[in-house]
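Numbered from 1 within each chain, the chains take letters A, B, ... in sequence-line order. FYI, side chains are in, hydrogens and waters are out, and symmetry mates aren't considered; it's all heavy atoms of this structure.
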Amino acid sequence: MSGLRHRERRHPDATAIAEYRAGLAGGRRGRRLAAHVASCARCASVSDQLAAVSSALSSAPAPPLPDSVERRITAALATATAPAREAAPATETTPARSRHRVWRLRPVLAVSATAACLVLAGVVYLVGFTGSPAGPVSSSAASSSASSPLAGVAAPAAGSAPANSAAKAAFLVTASGTRYEPATLAAQVRAQLAAHGSTPAPASSRALQGAQRPSSAAAGAVPSAALTGCVLHLTKQVAPTLVDRATYQGQPAYVIAVPDRVWVVGPDCTASNPDLITSIGL
Amino acid sequence: METPDAPEPSDADLLRRHVAGDPAAFGLLFQRHKERLWAVALRTTCDREDAADALQEAMISAFRRAKDFRGDSAVTTWLHRIVVNAALDRVRRRPARTVSWSADPDALEPLLVPSPRADSIDTRLDVDAALRVLPAQQRAALVLVDMLGYPVAEVAAILGLSEGTVKSRCARGRARLLPYLAHLRGDSAAGGNQPVTDAVSPEGGGG
């Protein structure tokens, strides 16, 4: 590796010293290294610095798991429960809707990943590294598809028009005005499903009882990209049977249902932060 | 965190209960180890969103594959292995990114959450940035050994490598980070936990 043939004036490189410190330099080579480091101020200093590197690494505080990430994973685990028990993918239970599984990418994450990359690049810059790992800065959200590991499936970039058709295909949002309560949640959801069919299809023009929103609510509104990401994240990309803007325990909330489960989320639900209030089986 | 009937179930108990159909067991397991697993994912990917994705992917995978766990390693080793693999997979699949400005200023914030000790912020930012210069495989080994303090033997089990390979990757990683982190010597040596002089004695260097 670090072809070491050190004589009096030939110093081992940092890698050789690090290997020696790690116990990887045995026998004669190890003894030579030991003798050299012991007698050479410069290499002893390198050895000290290597210890300092380990020390800096071990003393760097670990950033705690963000609440949003924890909630998201907890929610994902909650939704993973049902399919795992039957060992059947969700698509097989709802074959008719599989064509709606168009969004595999969570748009909010794509944007956030870009932001995270940007900040880290900024940190690198501030720290004063000479070789910048980041490429040239380009403008706008151009990288939302480029930065996605799943680019090519769909590119629901913020503010990009093509995303609209995909959103339309996925589901529409009703606003039934229902006041959902914990004790009656399942029954109220069933009532909603019965009231306007099991799927709020895009073409549905059925009027909803007690709708608060004058026009758009009756037919169902096209969801925002954030809400779409949230819903499909929770349902594991399965088109929901109900997405209802309403209240839960008096607070604004979305009630999201698939045939066997209901989620209640806060109004700011996104894929990366589902803001899950509760979830029950149907 | 505690259940009335079994005050402190072992990881293996929880996994068995999960396989047997206990809906809460896996969540308890996640709660128990989430911080360390997050640290592994975050440090290995060097990217918060990738880390979140990797951790989620890994937990779902562990959740589903729990019945395949043979018990020939600790549950934590198994969990770590799944997380590291998911994290490395993320890094591998990550295309060379072009940096662009985000429309969402909130997305920047989580990275900048200050840690309690002001002086540790500099260290953390330096370390975060420095880790990015390492190849991912090297970084994974160094993160587990030096940052999280796991024994080399356990890291070897997590990564599926020989102990010698783990030590070698760590040694190379430390050497490579030296130009970036050596300046922290003053601060960290004072509060650090590694004897700075051990290499001077020929017997030293256990590793």
Side-chain angles (χ1 to χ4, degrees), chain A residues 14-15 18-24 34 37-38 44 47-66 69-70 72-73 76-77 80-81 84 109 111-119 121 123-124 127 133-135 137-143 146-147 149 158, chain B residues 23 26-27 34-35 38-39 42 47-49 52 55-56 59-60 63-64 93 95 97-104 107-108 110-111 115 120 123-129 132 146-147 149 167-168 170-172 174-175 177-178 181-182 184-185 188-189 191-192 194 196 199-200 202 205-207:
Chain A
T15 303
E19 286 171 350
Y20 156 67
R21 288 178 51 85
L24 290 168
V37 170
S47 182
D48 287 356
Q49 289 174 15
L50 286 164
V53 167
S54 289
S55 178
L57 290 174
S58 69
S59 61
L65 175 65
V69 176
E70 180 177 350
R72 177 182 134 191
I73 292 174
L77 288 173
T81 306
L109 279 184
V111 173
S112 302
T114 305
C117 195
L118 174 66
V119 166
V123 167
V124 169
V127 167
V137 173
S138 62
S139 63
S140 95
S143 77
S147 70
Chain B
F26 196 88
K34 62 185 181 183
E35 294 296 345
W38 167 249
L42 183 66
D47 181 294
R48 191 176 173 277
E49 295 305 324
L55 184 57
Q56 175 169 335
M59 288 304 99
I60 297 291
F63 183 100
R64 294 185 189 281
R93 274 154 47 189
R97 282 175 169 158
T98 52
V99 175
S100 69
W101 296 101
S102 166
D104 178 10
L108 303 178
L111 278 164
S115 73
S120 65
T123 304
R124 196 180 92 198
L125 293 183
D126 283 359
V127 166
D128 284 353
R132 296 169 67 84
D146 273 5
M147 295 194 82
K167 285 182 186 176
S168 172
C170 289
R172 288 153 171 267
R174 290 178 197 122
L177 291 184
L178 194 138
L181 295 181
L184 296 174
R185 178 179 34 175
S188 53
Q194 300 226 357
V196 166
V200 183

Here the gap from A/I73 atom CD1 to B/W38 atom CH2, rounded to the nearest 0.5 Å, amounts to 7.5 Å
Is the shortest heavy-atom distance from the side chain of A/L57 to the side chain of B/L177 under 4.5 Å? yes
Test item: side-chain donor near acceptor, A/S54 and B/D146, under 3.5 Å: yes
What's the shortest heavy-atom distance between B/M59 and A/L77, and which atoms? O-CD2, 3.8 Å
A/P66 vs B/R48 side-chain heavy atoms within contact, under 4.5 Å: yes
Donor-acceptor pair, B/E35 side chain versus A/L65 backbone, under 3.5 Å? yes
Please evaluate residues A/E19 and B/R172 with respect to the criterion side chain to side chain contact (heavy atoms under 4.5 Å, CB included), reporting the C-alpha separation (whole Å), side-chain torsions for both, the decisive distance (0.1 Å), and the verdict. CA-CA 7 Å; A/E19 286 171 350; B/R172 288 153 171 267; 3.9 Å; yes
State, to 0.1 Å, how close B/V127 and A/A56 come at their nearest heavy-atom pair, and which atoms those are. CG2-O, 3.8 Å
Of all the heavy-atom pairs spanning B/A171 and A/A22, show the shortest one and how long it is. CB-CB, 4.3 Å
